[in-house]
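Sequential numbering from 1 along the given sequence is applied to the chain's residues.
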Amino acid sequence: MSVEESWGKIERWIAQHAPAEDPLPAPCTRADLDALYQSLGGQLPDDVERSLLRHNGSGLTVILPPGFTLLSVEDILENRATWLKYAAPDDKNLTEGDKPFLVPFATLSVIQLLVDIRTGRIGEWDIQQGFAWERDPLWRSFTSALDFVGNLLASPPPWIAILPGDDEWEVTDRDPDFPGTLVWTEDPVD
């Protein structure tokens, strides 16, 4: 499925089930991407770029399980600077040669999802745990992760995702603290 088809499914679910959700951001511009690429010294994979041209990040909407928001062009640059500053030079899962090619595109608190702009492969970085390549097929690329979410939301409820390590997360629009929004939860919703 294409990035656009996945976004279409996600947007329909939000419109139908999550009317209290903040609107998704407008697209970034080609000029925004050109400025980003100048700063990065390279281009994002096509799927991440097409997503930014659909929505410049996801604002406060948690798109990817278990609660990652997608970064805007501006936030990508800011988070990348932070990551480059704090990424441990002795991280056994990284070589210094890899660092310039890893770019954050999603965040969950202090955890960042990074994409290798050479291959589209996804990894995860946490300031405490360091960097790890995601091995589950769900995370082989941004397209596969967004496709997973789009297909889950297009299916009949309950919207339960089995994540790597057999973690079960449910998408709900009935969270007692945030009703009418898209929420990923480990707790079953009645």
Side-chain angles (χ1 to χ4, degrees), residues 3 6-7 10 14 21-22 24-25 36 39-40 44-45 47-49 51-52 55-96 98-150 152-153 159-172 175 177-178 181-187:
V3 167
S6 296
W7 267 120
I10 294 165
I14 290 172
E21 192 70 64
D22 287 339
L24 291 166
L36 174 65
S39 295
L40 293 178
L44 292 168
D47 53 358
V48 179
E49 178 178 291
S51 181
L52 288 164
H55 295 290
N56 190 15
S58 64
L60 298 175
T61 305
V62 291
I63 299 296
L64 298 176
F68 285 96
T69 57
L70 302 179
L71 299 173
S72 67
V73 168
E74 299 80 18
D75 291 335
I76 287 172
L77 282 175
E78 184 179 312
N79 284 33
R80 184 165 188 259
T82 301
W83 177 76
L84 287 172
K85 180 177 179 181
Y86 293 107
D90 60 347
D91 191 322
K92 64 184 180 303
N93 296 318
L94 278 180
T95 68
E96 279 299 311
D98 285 332
K99 286 183 183 179
F101 301 103
L102 297 173
V103 178
F105 70 93
T107 187
L108 171 60
S109 186
V110 296
I111 302 169
Q112 295 186 45
L113 290 179
L114 295 98
V115 63
D116 186 325
I117 62 174
R118 300 166 296 186
T119 64
R121 186 176 178 197
I122 294 175
E124 182 178 287
W125 179 75
D126 176 323
I127 196 165
Q128 306 257 326
Q129 304 294 322
F131 183 81
W133 288 111
E134 293 291 353
R135 289 178 170 65
D136 190 273
L138 165 65
W139 300 108
R140 103 178 118 248
S141 68
F142 178 68
T143 297
S144 61
L146 201 64
D147 180 56
F148 175 82
V149 173
L152 178 68
L153 296 178
W159 302 286
I160 297 175
I162 308 298
L163 299 180
D166 293 327
D167 287 340
E168 258 187 51
W169 287 82
E170 182 176 357
V171 175
T172 184
D175 184 87
D177 296 324
F178 304 101
T181 64
L182 189 161
V183 174
W184 290 92
T185 181
E186 286 183 290
D187 302 323

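Atom CZ of residue Arg121 and atom CZ of residue Arg140 lie 12.5 Å apart, to the nearest 0.5 angstrom. For the atom pair Leu138 CG and Phe148 CZ, the distance stands at 5.5 Å (nearest 0.5 Å). Asn56 contributes atom CG, which lies 11.5 Å from atom CG of Leu24 (distance to the nearest 0.5 angstrom). Atom-to-atom distance recorded for Leu152:CG and Ile160:CD1 is 9.0 Å, nearest 0.5 angstrom. From Ser6, atom OG reaches atom CD1 of Ile63 across 11.0 Å, with rounding to the nearest 0.5 Å. For the atom pair Thr69 OG1 and Asp75 CG, the distance stands at 8.0 Å (nearest 0.5 Å).
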Practice prompt. Determine, step by step, whether Trp139 and Leu64 satisfy the side-chain contact (heavy atoms from CB on, under 4.5 Å) criterion, reporting the C-alpha distance in whole Å, the side-chain angles of both residues, the deciding distance to 0.1 Å, and the verdict.
Written response: CA-CA 10 Å; Trp139 300 108; Leu64 298 176; 4.1 Å; yes
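Between Leu146 and Ile10, the shortest heavy-atom contact is CD1-CD1, 3.6 Å. Ser58 approaches Leu70 most closely through the heavy-atom pair OG-N, 2.8 Å. Nearest heavy atom pair, residue Phe142 against residue Ile122, reads N-CD1, 3.4 Å. Across Gly59 and Pro25, no two heavy atoms sit closer than the pair N-CG, 3.5 Å. Of all heavy-atom pairs spanning Phe68 and Pro66, the tightest one is CE1-CD, 3.7 Å. Listed here is the closest heavy atom pair of Trp184 and Ala161: CZ3-CB, 3.8 Å.
Here the side chains of Leu44 and Phe105 are not in contact, with every heavy-atom distance at 4.5 Å or above. In this structure, the side chains of Leu153 and Leu182 come closer than 4.5 Å at one or more pairs of heavy atoms. With a 4.5 Å cut-off on side-chain heavy atoms, Asp116 and Trp133 count as touching.
Shown here is Leu60, whose CG atom has no more than 12 heavy atoms of other residues, nucleotides or ligands within 6.0 Å.
For Thr172 and Glu170, the side-chain atoms include no donor-acceptor pair closer than 3.5 Å.
For Glu49, the salt bridge (Lys or Arg N to Asp or Glu O under 4.0 Å) partners two or more places apart in sequence, or in a different chain, are Arg30.
The main-chain N or O of Thr143 is found under 3.5 Å from a side-chain atom of Asp47 such that the two form a donor-acceptor pair.
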May I have the list of side-chain donor-acceptor pairs in residues 106-113 shorter than 3.5 Å, sequence neighbours left out?
residue, atom, partner, partner atom, Å
Thr107, OG1, Ser109, O, 3.2
Thr107, OG1, Ile111, O, 3.3

